[in-house]
Amino acid sequence: MPQSVVALASFIRKRRCFACTGVVIESNKSTTRVLTSTSLIRTPNNENMVDDKLKIVVCLPDNRHIPGTLQHYSLNYNIAVITITDFCCTQIAQINDKVQIKPCGEVVAVGRVHNSGKLIATSGVVTDKTSELSCKELVISTCKITKAGIGGPLIDFAGNLIGMNFYGLGETPYLPMNIILKLLRKFDAEGTVAIDDHISNRWPVPKPFWCYPTWHEANEEIDLDELLAEMHVLY
């Protein structure tokens, strides 16, 4: 799993607009596809629009920074697919649409910091709570992530990709893989960049000047390899 987790940032000229995490879902000799959040590419003053002038930079596991290209997105479900070239990932995310996790199931949220390339992780359990966000398909885990972890993978202890994380204070909403897989199939079938017929879900994100509580700072110092080894997570 660590080799499939990347960091992404969007820029207007030299000004960074947003930074988040993504996970490699497909890779071959020519192209690698990364699943992430559309928060990366939204227009700063209008969350229902994408800024096609943004430059996307991907931080790879070896800390190289290479350009990325927007391939597909859904503003309604807040997912995007970014493609990169000149990088073949040898360890893509384990996706199994038959894997289901029940409330109280143990999970790990993984992210990567764009500036340093450092991996971050925090553990928790899936709950039966309802998300405060408007998307009804979201599920909640008790993992506490920073904004850098938006778009990052939520995995179970077998290393399976359970969903994609979003940001919440004290809890982490995530979009389950069964919904994501339906969207990925729709992306591939329609071949269009955007697939939304209408936008009913809102995805507010804290501004860059947001001041995080102290537990965020502590979680950013967690060593991913040590954490996963302690919890016997397979990857």
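Inter-residue side-chain proximity for Ile92 and Glu26 is flagged as unmet; no heavy-atom pair is nearer than 4.5 Å. Put simply, the side chain of Ile179 reaches to within 4.5 Å of the side chain of Tyr77, judged on heavy atoms. Proximity of Cys17 to Leu54: side-chain heavy atoms (C-beta onward) are separated by under 4.5 Å at one or more points. Using a 4.5 Å heavy-atom threshold, the side chains of Val107 and Cys143 count as touching.
Among residues two or more places apart in sequence or in another chain, the side chain to side chain contact (heavy atoms under 4.5 Å, CB included) test is passed with Asn63 by Cys59, His65. Among residues two or more places apart in sequence or in another chain, the side chain to side chain contact (heavy atoms under 4.5 Å, CB included) test is passed with Asp188 by Arg33, His72. Residues passing the salt bridge (Lys or Arg N to Asp or Glu O under 4.0 Å) test with Arg185 are Asp97, sequence neighbours excluded. With sequence neighbours excluded, the residues that form a salt bridge (Lys or Arg N to Asp or Glu O under 4.0 Å) with Asp62 are Arg64.
Shortest non-hydrogen contact noted between Ile66 and Phe87 is CD1-CB, 4.2 Å.
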**Message:** Does Asn76 form a side chain to side chain donor-acceptor pair (under 3.5 Å) with Ser74? I'd like the steps, not just the answer.
**Reply:** CA-CA 5 Å; Asn76 198 42; Ser74 167; 5.6 Å; no

**Message:** Show, in sequence, the C-alpha distance, side-chain angles and deciding distance for Asn78 and Ser37, and conclude whether the side chain to side chain donor-acceptor pair (under 3.5 Å) test is met.
**Reply:** CA-CA 5 Å; Asn78 201 0; Ser37 166; 2.8 Å; yes

**Message:** What verdict does the side chain to side chain contact (heavy atoms under 4.5 Å, CB included) test give for Val23 and Val34, after you've listed the backbone C-alpha separation in whole Å, the side-chain angles of each residue and the deciding distance to 0.1 Å?
**Reply:** CA-CA 5 Å; Val23 61; Val34 176; 5.9 Å; no

**Item:** Verdict with supporting geometry, Leu154 and Met164, side chain to side chain contact (heavy atoms under 4.5 Å, CB included)
**Value:** CA-CA 6 Å; Leu154 186 73; Met164 185 172 70; over 6 Å; no

**Message:** Walk me through whether Thr36 and Ile79 qualify under side chain to side chain contact (heavy atoms under 4.5 Å, CB included).
**Reply:** CA-CA 6 Å; Thr36 190; Ile79 77 166; over 6 Å; no

**Worked verdict on Glu137 versus Leu175 for side chain to side chain contact (heavy atoms under 4.5 Å, CB included)** = CA-CA 7 Å; Glu137 289 90 343; Leu175 190 65; 4.2 Å; yes

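For the atom pair Gln91 CD and Ser27 OG, the distance stands at 11.5 Å (nearest 0.5 Å). Going from atom OH of Tyr167 over to atom OG of Ser39 covers 13.0 Å, rounded to the nearest 0.5 Å. The CG atom of Asn28 lies 4.0 Å from the OG atom of Ser30; values are rounded to the nearest 0.5 Å. Atom OG1 of Thr90 and atom CD of Gln3 lie 6.0 Å apart (nearest 0.5 Å).
Within the hydrophobic cluster formed by Ile, Leu, Val, Met, Phe, Trp and Tyr side chains joined at under 4.5 Å, directly or through other members, Phe11 is accompanied by Val57. Think of Ile140 as one node in a network of Ile, Leu, Val, Met, Phe, Trp and Tyr side chains linked at under 4.5 Å; it has no links at all.
Checking side-chain atoms of Asn165 against main-chain N and O of Pro153 turns up a donor-acceptor pair under 3.5 Å.
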